Amino acid sequence: MCSSDLFPSHDIGGDHSVTWPAMVHCNKRFQQDFGVLHFDAHSDLMENRLGVKYCFATWASHATKLMGPHQMAQVGIRTSSKTKQYWMDKYPLLQVWANEVSGREIEIITQVLQYFIKSGVKKIYITNDIDGTDPSSAPATGTPEPNGLSPQFVLGLISAVRQKFELIGGVVVS
């Protein structure tokens, strides 16, 4: 059974709150060898949301503190109360906003791979919030945001990551 301090039962569900327990497990098992590829329209980097410390909007901030520096790449961000530069200054991560991808898909894939290689990552956990994908291709998400990633790009990046790193787990959430 999980500690209520680490994994509040009211937060576990079909959203990104399920990723936090996986991060705790991966950190214990793989320590500095693992990285996280995070597809999402939102950064999930809040330290708490409405007084809740561990939930769908906070898991990534806690994971970046748990993991070593430069072990998370977020791809597809386009809705945030803060700028990209704010998040990258606050947390040691790579952030690629959705509007940066179109026409630069190969360059972005290479950038993500190089980021993980330079960080010494050997294993990758992939977490894909379907709202990172454009709602024209993923209309069932609970938080649709226009101008998202194409499914072809998401699959291309996952395929490239699979060729370079050992995949240790993943989740698709909505």
Side-chain angles (χ1 to χ4, degrees), residues 16-47 56-80 82-134 137-138 145 147-173:
H16 251 142
S17 60
V18 300
T19 306
W20 172 243
M23 297 298 94
V24 172
H25 172 77
C26 288
N27 186 63
K28 284 180 183 173
R29 183 156 182 210
F30 305 111
Q31 283 124 25
Q32 306 308 310
D33 277 351
F34 92 100
V36 177
L37 175 57
H38 172 206
F39 294 99
D40 206 322
H42 311 94
S43 69
D44 295 352
L45 290 169
M46 297 173 71
E47 294 190 14
F56 67 93
T58 66
W59 77 270
S61 69
H62 300 301
T64 60
K65 294 171 191 169
L66 182 70
M67 300 163 33
H70 310 290
Q71 288 181 249
M72 182 180 293
Q74 297 185 318
V75 182
I77 308 300
R78 58 192 181 281
T79 301
S80 177
K82 307 288 187 200
T83 66
K84 174 183 174 179
Q85 193 60 53
Y86 172 87
W87 292 126
M88 289 178 60
D89 287 345
K90 184 168 178 140
Y91 297 102
L93 55 81
L94 170 66
Q95 206 176 66
V96 179
W97 287 45
N99 65 354
E100 298 174 285
V101 174
S102 184
R104 299 179 54 226
E105 289 84 355
I106 301 298
E107 181 183 339
I108 298 298
I109 289 170
T110 301
Q111 179 184 14
V112 171
L113 295 176
Q114 290 302 314
Y115 172 80
F116 285 130
I117 290 167
K118 184 178 177 183
S119 298
V121 166
K122 307 277 189 265
K123 303 165 186 347
I124 297 283
Y125 184 94
I126 298 174
T127 181
N128 184 353
D129 189 328
I130 200 66
D131 68 18
T133 303
D134 191 77
S137 297
E145 302 288 349
N147 305 313
L149 303 171
S150 73
Q152 295 80 10
F153 171 75
V154 173
L155 291 172
L157 180 50
I158 291 170
S159 178
V161 164
R162 277 187 51 226
Q163 291 175 22
K164 294 278 185 192
F165 305 97
E166 178 185 347
L167 293 183
I168 56 171
V171 65
V172 176
V173 298

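Heavy-atom basis, side chains included; hydrogens, waters and symmetry copies ignored. Residue indices begin at 1 and follow the sequence shown. All of these numbers come straight from a predicted model, not from anything done at the bench.
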[X] versus [Y], closest heavy-atom pair with distance:
X	Y	answer
Q74	S43	NE2-O, 2.7 Å
A98	N147	CB-O, 3.5 Å
W87	S80	NE1-OG, 2.8 Å
A160	I109	CB-CG2, 3.5 Å
I130	A138	CG1-CB, 3.5 Å
G35	F116	CA-CE2, 4.2 Å

In Å and rounded to the nearest 0.5 Å, what is the [atom1] to [atom2] distance from [X] to [Y]?
X	Y	atom1	atom2	result
H38	L94	NE2	CG	12.5 Å
T133	E145	OG1	CD	12.5 Å
D131	T79	CG	OG1	8.0 Å
S61	W20	OG	CH2	8.5 Å
E105	F153	CD	CZ	7.0 Å
M23	T64	CE	OG1	11.5 Å

Passing option when F39 is tested against I158, V173, D129 for side-chain contact (heavy atoms from CB on, under 4.5 Å):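 Of the listed options, the one satisfying the test is I158.
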With heavy-atom distances below 4.5 Å as the criterion, would you say the side chains of [X] and [Y] are in contact?
X	Y	answer
V121	F165	yes
L149	V75	yes
K82	K90	no
E107	T110	no
R78	N99	no
N128	V154	yes
H70	L93	no
L37	T127	no

Evaluate the criterion side chain to side chain donor-acceptor pair (under 3.5 Å) for residue pair Q31 and N27; output intermediate values, then yes/no. CA-CA 4 Å; Q31 283 124 25; N27 186 63; over 6 Å; no
Whether over 12 other heavy atoms sit under 6.0 Å from I106 CD1: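 Atom CD1 in I106 is not packed in, count stays at 12 or less.
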Under 6.0 Å from the CZ atom of R104, do we count more than 12 heavy atoms belonging to anything else shown?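 More than 12 heavy atoms, drawn from other residues, nucleotides or ligands, come within 6.0 Å of this atom.
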Can you tell me if D33 uses its side chain to pair, donor with acceptor, with the backbone of K123 under 3.5 Å?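 No, the answer is negative, given that no donor and acceptor are paired below the 3.5 Å cut-off.
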Any donor-acceptor pair under 3.5 Å linking the side chain of Y91 with the backbone of M72?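 The answer is no, because no donor-acceptor pair under 3.5 Å joins these two groups.
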May I ask you to say whether E47 pairs ionically with K65, meaning some side-chain N is under 4.0 Å from a carboxylate O?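 So E47 pairs with K65 through a salt bridge.
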Between D44 and H42, is there a side-chain donor-acceptor contact under 3.5 Å, judged purely by atom types and distance?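 Result is no, nothing qualifies.
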Please evaluate residues Q71 and Q32 with respect to the criterion side-chain contact (heavy atoms from CB on, under 4.5 Å), reporting the C-alpha separation (whole Å), side-chain torsions for both, the decisive distance (0.1 Å), and the verdict. CA-CA 8 Å; Q71 288 181 249; Q32 306 308 310; 2.9 Å; yes
Kindly assign one of parallel, tilted or perpendicular to the pair H16 and W59, based on the angle between their ring planes and the thresholds 30° and 60°.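 Plane angle between 30° and 60°, so tilted.
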V96 vs I77, side-chain contact (heavy atoms from CB on, under 4.5 Å): CA-CA, chis, key distance, verdict: CA-CA 7 Å; V96 179; I77 308 300; over 6 Å; no
Stepwise side-chain contact (heavy atoms from CB on, under 4.5 Å) test for Y115 and V112: CA-CA 5 Å; Y115 172 80; V112 171; 5.6 Å; no
Between T19 and F56, is the side-chain contact (heavy atoms from CB on, under 4.5 Å) condition met? List the steps. CA-CA 8 Å; T19 306; F56 67 93; over 6 Å; no
